[in-house]
There are 2 protein chains.
Amino acid sequence: MTVTIYDVAREANVSMATVSRVVNGNPNVKPTTRKKVLEVIDRLHYRPNAVARGLASKKTTTVGVIIPDISNVFYAELARGIEDIATMYRYNIILSNSDQNEEKEIELLDTMYGKQVDGIVIMSENVSEKILEKMNHAPAPIVLAGSVDHSNTMPSVNIDYTQAAYEAVKKLIDNGHKRIAFVSGPFTSIINRDHKFVGYKNALEEAHIEFDENLVLSAEDSYDSGIEDFDHVNQLENPPTAYFTGSDELAIGIIHAAQDVGKSVPEDIEVISFENSKLARMVRPQLSSMVLPLYDIGAVAMRLLTKIMSKEKIDHLQVVLPHRMEERKSTK
Amino acid sequence: MTVTIYDVAREANVSMATVSRVVNGNPNVKPTTRKKVLEVIDRLHYRPNAVARGLASKKTTTVGVIIPDISNVFYAELARGIEDIATMYRYNIILSNSDQNEEKEIELLDTMYGKQVDGIVIMSENVSEKILEKMNHAPAPIVLAGSVDHSNTMPSVNIDYTQAAYEAVKKLIDNGHKRIAFVSGPFTSIINRDHKFVGYKNALEEAHIEFDENLVLSAEDSYDSGIEDFDHVNQLENPPTAYFTGSDELAIGIIHAAQDVGKSVPEDIEVISFENSKLARMVRPQLSSMVLPLYDIGAVAMRLLTKIMSKEKIDHLQVVLPHRMEERKSTK
DNA sequence: CTGAAAGCGCTAACAT
DNA sequence: ATGTTAGCGCTTTCAG
């Protein structure tokens, strides 16, 4: 029923090898034969079977992508960066959600290995020893996107989160604030706990501002969480006058909660988020934000992977992209 | 280097067939043999090669998903619905972005057929004849998610867009409005042009409100477009007092633009969007919205596909999900 | 309950 | 420039 390379060969009076050659653009084919074969391919509507090809060549031209949750803009942006570059290099993507669950991540790695992907791009907020171990025995190359591993041994693409956080907080300090809250996503995330948080503390320390643990909140990375966090911290006898948040949603929650108690932004309190998604421009006041270039991280990660897959020499397996701040209306 | 089914067979002193049976959970294996084989599999870290399996069995347990743009929350939500159900039925997903481009869609269909996917879920705002033709000759079943084809012949999952739009506009009419704008995404989308728009007109007609084409705007489905549209239509000598928008972003743009000229929502103008994404709750005033259950549409579409793939009998190939309105603060 | 053997559709030496 | 021939690793009759 389905037409195979053999059918084409027979109809064109050539061998399978020749058909294979023209299909794969091998130059060692006489133009006339090529034309003849192409004609038959067209007439028979022949379409190469990628599975058979994969088995024979041990290459599937598909890469696995494991991210926490595609329905989250944050990760979706990353996925799009990955996909665009993958397409550019003729790879397809097998996309799976891990929900930040270690067990699922391991399971997914296994099924992707089983599917013989040529490589994997993974984003994980907490690369455990177990997973690291698993990745080190991977049959295909892996690169981390927007994720760090303790060992700092895996190929990866990130920005300097510590420095970026430092700069954001410094901006707030420069604007005269002494009481600056850090409203973060979960501290189970290495980047939140060991990078952004450190940057926050560095900035305070440099300015000789005493660290107050009451001003550090770590919960979910959501709008509602932002509202709760504001309500909570605003009840302190000496509430913060500025907020540095781990995400746009958190910042918006903070702002709305503040407005609800009659405070205005940026007059009464200033807010800087760490993300700069499309959302940042779609709220009033528009969010000042430390830009996390998710799309670029995804794109560069995929590009790095293609290089590794084709065994090109690479000088820096750990890529650190530049960052910048987008100042809008939630700061003065 | 890699361990194959043959290695396991040899080590366990059984045939490949037996190993295959235990791997695939075939009950026709003596418990002791099964145990022995399992032990060897574990010891050798054997992992079945899905590509070889796919070639032999003609099933890949992967389905293709074609959507316009994963970085758009709208489609990302759909993708998540698809993926969750796919995972539940042990399928993996090959995800690709079409950018609403017919040529790309056709290309993607072809590469997915080539990769021997067991089925495809596709969202396309404009299912052209050419694509329909292509899908009708597909080697694997296809279901449309949140998309309609003229012929209404493809398996699909949708809501009754016309009715939903009608209800939204009726609500506005019931609130006393006579000048109601329809701010839509592109009319190249069948759903916008032949469904939502019709619902809008039906509601007006029923209420004997004269249709005014100046109140119908069709452009991009974006925040900025909403701002522009408001500025444009608000300059009419008899500007609208209510807006029915094709998406949340459009609604937010409208609201912000209105606020910028000193109008307040919902006091001066009322707005209802058609979408109800997470965004709807994250702006002030919170958006009243006709719910487009993207996640469910994706999930049901995938479920439908699993049924078709396993050749189950299905009574309704065209599924119409219920819809509902979420009334919040942008309407009285 | 188990084994032997024939493919699945293609690539990749190796010949010619 | 083209053909021959082994596989790739697994499933699936068909026997027994």
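These values consider heavy atoms only, across backbone and side chains, with no hydrogens, waters or symmetry-generated copies. Just so it is clear: chains get the letters A, B, ... in the order the sequence lines come, proteins before strands, and each one is counted from 1.
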Salt bridge between [X] and [Y], side-chain N to carboxylate O under 4.0 Å?
{"X": "A:Arg80", "Y": "B:Asp99", "value": "yes"}
{"X": "A:Lys134", "Y": "A:Glu105", "value": "no"}
{"X": "B:Lys35", "Y": "B:Glu39", "value": "no"}

Between B:Asp7 and B:Thr2 the two heavy atoms that sit nearest each other are OD2-O, 3.9 Å
Please report the closest heavy-atom contact between B:Val40 and B:Ala12, naming both atoms and the distance.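 The pair with the smallest heavy-atom distance is CG2-CB, 3.7 Å.
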Go nucleotide by nucleotide along DNA chain D from the 5' end; which of A:Pro31 and B:Tyr6 gets its closest nucleotide reached first?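 Closer to the 5' end of DNA chain D: A:Pro31.
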For B:Arg21 and B:Ala50, take the nucleotide of DNA chain D holding the closest heavy atom to each; which residue's nucleotide lies nearer the 5' end? B:Ala50
Return the value, rounded to whole Å, for the distance between atom [atom1] of [X] and atom [atom2] of [N].
{"X": "B:Met16", "N": "C:dG7", "atom1": "CE", "atom2": "P", "value": "15 Å"}
{"X": "A:Ile5", "N": "C:dA12", "atom1": "CD1", "atom2": "P", "value": "11 Å"}
{"X": "B:Asp7", "N": "D:dC8", "atom1": "CG", "atom2": "P", "value": "11 Å"}
{"X": "A:Asn26", "N": "C:dT11", "atom1": "CG", "atom2": "P", "value": "11 Å"}
{"X": "A:Arg34", "N": "D:dA1", "atom1": "CZ", "atom2": "P", "value": "9 Å"}
{"X": "B:Lys115", "N": "C:dC8", "atom1": "NZ", "atom2": "P", "value": "23 Å"}
{"X": "B:Lys36", "N": "C:dC1", "atom1": "NZ", "atom2": "P", "value": "14 Å"}
{"X": "B:Ile41", "N": "D:dG9", "atom1": "CD1", "atom2": "P", "value": "16 Å"}

Would you mind telling me which residue lines up with the more 5' stretch of DNA chain C, A:Val23 or B:Thr33, judged by nearest nucleotide?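 Mapping each residue to its closest nucleotide by heavy atoms, the 5'-most match is B:Thr33.
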Please classify the nucleic acid contact of [X] as base, sugar-phosphate, or nothing, using heavy-atom distances under 4.0 Å.
{"X": "A:Val14", "result": "sugar-phosphate"}
{"X": "A:Asn13", "result": "sugar-phosphate"}
{"X": "A:Asn28", "result": "base"}

Using only side-chain N and O atoms of [X], determine if any of them is under 4.0 Å from OP1 or OP2 of [N].
{"X": "A:Ser15", "N": "D:dT2", "result": "no"}
{"X": "A:Asn24", "N": "C:dT11", "result": "yes"}
{"X": "A:Thr4", "N": "C:dC8", "result": "no"}

Check every atom of [options] against the side chain of [X] and return the nucleotide holding the closest atom.
{"X": "B:Thr18", "options": "D:dA1, C:dT2, C:dC10", "value": "C:dT2"}
{"X": "A:Ala17", "options": "D:dC10, D:dT13, D:dT4", "value": "D:dT4"}
{"X": "B:Ser20", "options": "C:dT2, D:dT11, D:dA1", "value": "D:dT11"}

Quick one: does A:Arg47 reach the base of C:dG9 with a side-chain donor-acceptor pair under 3.5 Å?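 When only heavy-atom distances are counted, A:Arg47 does not reach the base of C:dG9 through any donor-acceptor pair under 3.5 Å.
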Examine the side chains of A:Lys104 and A:Ser96 and answer whether a donor and an acceptor come within less than 3.5 Å of each other.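 Not at all, the side chains of A:Lys104 and A:Ser96 share no donor-acceptor pair under 3.5 Å.
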DNA chain D contacts among residues 52-61 of chain A, heavy-atom distance under 4.0 Å: A:Leu55, A:Ala56, A:Lys58
Tell me if the CD atom of A:Glu312 is crowded by more than 12 foreign heavy atoms within 6.0 Å. yes
A:Asp42 side chain to A:Leu38 backbone, donor-acceptor under 3.5 Å: no
